[in-house]
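Down below is the structure, laid out as structure tokens.
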Amino acid sequence: MWIYEKKLQYPVRVSTCNPMLAKFLIEQYGGADGELAAALRYLNQRYTIPDRVIGLLTDIGTEEFAHLEMIATMVYKLTKDATPEQLKTAGLGDHYVDHGKDLFYHNAAGVPFTATYIQAKGDPITDLYEDIAAEEKARATYQWIINMSDDTDLNDALRFLREREIVHSQRFREAVEILKEEQGKKKIF
Amino acid sequence: MNTHFKTYYPYVSPFDPCKPMVKKTYSTPPNLYLGFQPPNLPQFTPMEALRAGTLWKPLYDPWYSPYEKGKKGVPS
Ligand SMILES: [Fe+2]
């Protein structure tokens, strides 16, 4: 069960009207290493992982939905007042034809979201290594989006999201250490 | 502390079509080095932590675009 708090995890402020950034941000909405893929991947792995790391997957999987909401807010703010002409020049003409101003789960190139983006191998170490890789990929994606954006307010929120990927990766790495078990075990002879 | 960037210098051909980027950098965030987080690491204040995205100073590694003046250190 979830309890919803009607606020964003981090305030989203967008200061320049640049709908093209929305096109880039969609990568983190419905892309392979985006927040939706992350949330679904972790929450799905919870059931069959050793119980010591279930809570971590629940926590991080839940937080990814909070990130998804932030990305959605950014995309919405960047497109809600754009004219069809502006959307066309921003490369969002294809999107507008199919979805109007609705958001949709696809990546920056318009490829629709697919469950094949996420894995479930039934092997705890394998799954956690995938999770670590997913966090690093999301971190890298945020770097490239920030690099292409000159909107300092938007970048501020993106920086927050990238930092969270670093923390998530750290925690998944620790989960691997927990499952390796020997770590920190005092050997008394 | 470890650096959050590493650099390398790839081969540059005299026939490269574009102006070469002599120095290439890549990100090496702190999670690569921390291992299992030890107890009692330095913390941000709660207000700073909310802005930074982490409570733990050693895990803080902000990324700035080339358009932004890189203001490292404590989040303001
Ligand atoms: Fe994440």
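Proteins get letters first, then strands, A, B, ... in listed order; numbering begins at 1 in each.
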Less than 3.5 Å apart, any donor N or O on the side chain of B:Trp63 or A:Asn155 sitting next to an acceptor on the other?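 No, A:Asn155 and B:Trp63 have no side-chain donor paired with an acceptor closer than 3.5 Å.
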Any chance the side chains of A:Arg162 and B:Ser27 put a donor and an acceptor closer than 3.5 Å?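 Yes, because at least one side-chain N or O of A:Arg162 sits under 3.5 Å from a partner of the opposite role on B:Ser27.
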Nearest 0.5 Å please: distance from the [atom1] atom of [X] over to the [atom2] atom of [Y].
X: B:Asn31; Y: A:Phe172; atom1: CG; atom2: CZ; answer: 12.0 Å
X: A:Gln170; Y: B:Leu59; atom1: CD; atom2: CG; answer: 5.0 Å
X: A:Phe160; Y: B:Leu50; atom1: CZ; atom2: CG; answer: 7.5 Å

Taking atom [atom1] as the centre, does [X] end up with more than 12 heavy-atom neighbours from other residues, nucleotides or ligands that are less than 6.0 angstrom away?
X: A:Tyr129; atom1: OH; value: no
X: A:Asp94; atom1: CG; value: no
X: A:Lys88; atom1: NZ; value: no

Could you tell me whether a side-chain N or O of A:Arg173 sits under 3.5 Å from a main-chain N or O of B:Gly35, the two making a donor and an acceptor?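 No.
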Identify which part of A:Glu136 has an atom lying under 4.5 Å from any heavy atom of chain B, answering side chain, backbone, both or neither.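 Just the side chain, heavy atoms under 4.5 Å.
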Using a cut-off of under 4.5 Å for heavy-atom pairs, which of A:Asp150, A:Leu158, A:Ile166, A:Val167 has the most such pairs with chain B? A:Ile166
Leading residue by heavy atom contact count with chain B [cutoff under 4.5 Å; candidates A:Ile146, A:Leu161, A:Ile132, A:Ile145]: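 Most pairs with chain B among the choices: A:Ile146.
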Do you know which two heavy atoms are closest between A:Glu174 and B:Phe36, and how far apart they sit? O-CE1, 3.7 Å
Is there a side-chain contact (heavy atoms from CB on, under 4.5 Å) between B:Glu68 and A:Arg159 once you walk through the steps? CA-CA 12 Å; B:Glu68 296 171 300; A:Arg159 242 187 310 281; 3.1 Å; yes
Is it true that A:Glu163 and B:Arg51 make a salt bridge, defined as a side-chain N closer than 4.0 Å to a carboxylate O? no
I want to check something: taking the side chain as every heavy atom from C-beta on, are A:Met148 and B:Ser65 in contact at a cut-off of under 4.5 Å? no
